[in-house]
Amino acid sequence: GDSVTQTEGPVTVSESESLIINCTYSATSIAYPNLFWYVRYPGEGLQLLLKVITAGQKGSSRGFEATYNKETTSFHLQKASVQESDSAVYYCALGSTGGNNKLTFGQGTVLSVIP
Amino acid sequence: GGIITQTPKFLIGQEGQKLTLKCQQNFNHDTMYWYRQDSGKGLRLIYYSITENDLQKGDLSEGYDASREKKSSFSLTVTSAQKNEMAVFLCASSPRGDTQYFGPGTRLLVL
């Protein structure tokens, strides 16, 4: 089946440092999956951070970027300079196109940013 | 904009009990989903529904029933609560083939 593996947490970085959270996927049932990063901030619900539906394209939001790399089956999340407000749990996910758009999630990565 | 409401926010049940979780969305989305999240793990799909009265099993459907009687609501029933079922249940909805929006979750604790 389909699967997503991401950086084991927790990850702790200092404010203004750079960040990368790795995500690799295996899409055995989907030829051209859509790729997503979702985020859960403390006390809030799960929300979409960014998505990319075309291989080779980059998505960006709130200073975060992720590039859909079909060759390496990766979708790593990066930010050049993190802020304390970025502390959250980040989930990488892949989804099918079409009517049902079922999502397969990674296990989540807890990020703590130290001021 | 819209909102997804899940009730109850917290649910405490007894082992063997039948428990029902409810989800409402006012996005007018076609597709709705139920996921389960265990501590430190990713979300796993239990059931989804692409339209009113449709039900599709996910990877984790055993031990659960679902009901989509209206486009705006999607219920999930734990048919017999087990001691090891302490998890967060997340409801989501999406326009057909597009981004999923999630509710705040129901936290289940079985005594």
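Chain letters run A, B, ... following the sequence lines, proteins first and then strands; every chain starts at 1. These numbers come from a predicted model, not from an experiment.
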What's the separation between atom CG in A:Leu35 and atom SG in A:Cys92, rounded to the nearest 0.5 Å?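 With rounding to 0.5 Å, CG (A:Leu35) is 6.5 Å from SG (A:Cys92).
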Determine, for B:Asp38 against B:Arg44, whether the closest basic-nitrogen to carboxylate-oxygen distance falls under 4.0 angstrom.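 Here B:Asp38 pairs with B:Arg44 in a salt bridge, since their nearest N and O are under 4.0 Å apart.
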Tell me if the centroids of the rings in B:Tyr33 and B:Phe102 come within less than 6.0 Å of each other.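 No, the ring centres sit 6.0 Å or more apart.
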Check whether [X] gets within reach of chain A through its side chain, its backbone, both or neither, counting any heavy atom under 4.5 Å.
X: B:Leu45; value: side chain
X: B:Gln56; value: neither
X: B:Ile4; value: neither

Can you confirm whether the side chains of B:Gln37 and B:Arg107 place a donor and an acceptor under 3.5 Å from each other?
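Not at all, the side chains of B:Gln37 and B:Arg107 share no donor-acceptor pair under 3.5 Å.
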Tell me yes or no: between the side chains of A:Thr109 and A:Gln6, is some donor less than 3.5 Å from an acceptor?
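Checked: A:Thr109/A:Gln6 side chains pair up, N/O donor to acceptor below 3.5 Å.
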Heavy-atom pair count under 4.5 Å with chain B, highest-scoring of A:Gly106, A:Gly108, A:Gly45:
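Winner by heavy-atom pair count: A:Gly106.
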Measure A:Leu46 against the heavy atoms of chain B and call it side chain, backbone, both or neither at under 4.5 Å.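 For A:Leu46, the contact with chain B is made by backbone and side chain together.
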